[in-house]
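The figures here come from the full heavy-atom set of this structure, side chains too, leaving out hydrogens, waters and symmetry mates.
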Amino acid sequence: QVQLEESGGGLVQAGGSLRLSCAASGRTFSNYFMGWFRQAPGKEREFVAGISWNVGGLYYADPVKGRFTISRDNAKNMAYLQLNSLKPEDTGVYYCAGGTTTQLLLVPARRSLYTTWGQGTQVTVSS
């Protein structure tokens, strides 16, 4: 089981950009489908983006399509989320998560399929 740690969050004005990083410990990172989720105050945690093991599959939630880009570097045990054209409604705690089941290729937004989660990094977008 890998352990995950996010970084890169912060305060940014609307229209700005951030790059979130997710560092994974362990030697089996490449075995994990990686996802990014976010949670705004008073709301449920929601899927943002997902990336398959060999980068062949990329998945995005509708609200972030065209603005966010997920990527990974298996050699460095890292996953990334580039956030562009940020909006105030993008504010929340962003979490990276990993899972090994191939079911994630079909339902990447299903939280229960992810077996490891980071502690989260705060993103605040001011208007």
Side-chain angles (χ1 to χ4, degrees):
Q1 182 93 316
V2 297
Q3 292 186 326
L4 305 174
E5 182 174 3
E6 305 91 339
S7 62
L11 173 63
V12 63
Q13 288 188 333
S17 298
L18 284 173
R19 189 193 195 203
L20 306 184
S21 298
C22 175
S25 63
R27 295 177 293 177
T28 60
F29 175 71
S30 60
N31 293 343
Y32 284 78
F33 182 107
M34 296 302 296
W36 285 93
F37 289 75
R38 67 186 181 188
Q39 188 166 18
K43 295 188 177 181
E44 289 192 359
R45 193 172 299 187
E46 64 176 2
F47 173 77
V48 174
I51 186 167
S52 64
W53 299 266
N54 60 359
V55 199
L58 300 175
Y59 308 83
Y60 294 96
D62 286 344
V64 308
K65 283 181 180 177
R67 299 189 298 122
F68 292 7
T69 303
I70 189 171
S71 61
R72 69 187 296 162
D73 185 336
N74 288 340
K76 295 182 178 179
N77 282 10
M78 295 291 294
Y80 305 97
L81 187 67
Q82 179 68 39
L83 290 64
N84 295 331
S85 302
L86 281 161
K87 305 175 181 179
E89 51 264 42
D90 293 319
T91 293
V93 179
Y94 282 69
Y95 300 88
C96 65
T100 57
T101 175
T102 54
Q103 293 182 61
L104 282 164
L105 295 173
L106 300 175
V107 281
R110 188 171 294 174
R111 286 178 292 174
S112 61
L113 297 179
Y114 293 88
T115 56
T116 184
W117 292 80
Q119 294 300 306
T121 185
Q122 176 72 44
V123 172
T124 302
V125 184
S126 62
S127 57

*Could you tell me if the ring centre of F47 sits under 6.0 Å from that of Y59?*
no
*According to a 4.5 Å side-chain heavy-atom criterion applied to Ile, Leu, Val, Met, Phe, Trp and Tyr, with indirect links allowed, do L11 and L86 form part of one hydrophobic cluster?*
no
*Start with the C-alpha distance between T91 and Q122, add both sets of side-chain angles, then the distance that settles side-chain contact (heavy atoms from CB on, under 4.5 Å), and finish with yes or no.*
CA-CA 8 Å; T91 293; Q122 176 72 44; 4.1 Å; yes
_Other residues, nucleotides, ligands: >12 heavy atoms within 6.0 Å of Q39 CD_ = yes
*asked:* Does W53 form a side-chain contact (heavy atoms from CB on, under 4.5 Å) with L105? I'd like the steps, not just the answer.
replied: CA-CA 10 Å; W53 299 266; L105 295 173; 3.5 Å; yes
*Member of T101, L106, T102 meeting the side-chain contact (heavy atoms from CB on, under 4.5 Å) criterion with L113*: T101
*Is the shortest heavy-atom distance from the side chain of P108 to the side chain of Y114 under 4.5 Å?*
yes
*If you draw the axis of the six-membered ring of Y95, does the NZ or CZ of R45 fall within 45° of it and under 6.0 Å from the ring centre?*
yes
_Smallest separation among heavy atoms of T100 and N31, with atom names_ = CG2-O, 3.6 Å
_Any salt bridge linking D90 with K87? Criterion: basic side-chain nitrogen under 4.0 Å from a carboxylate oxygen._
no
*4.5 Å side-chain heavy-atom contact, Y32 and Q1*: yes
*asked:* Looking at E6 and V93, would you say the former's side chain and the latter's main chain have a donor-acceptor pair under 3.5 Å?
replied: no
*Would you please classify the geometry between the F68 ring and the Y94 ring as parallel, tilted or perpendicular, with 30° and 60° separating the classes?*
tilted
*Less than 4.5 Å apart, any side-chain heavy atom of K76 and any of S21?*
no
*Using a cut-off of 6.0 Å, state whether more than 12 heavy atoms not belonging to Q119 lie near its atom CD.*
no
_Taking every non-hydrogen atom, the tightest pair across Q3 and T116_ = CA-OG1, 4.4 Å
*Any donor-acceptor pair under 3.5 Å from R38 side chain to V123 backbone*: no
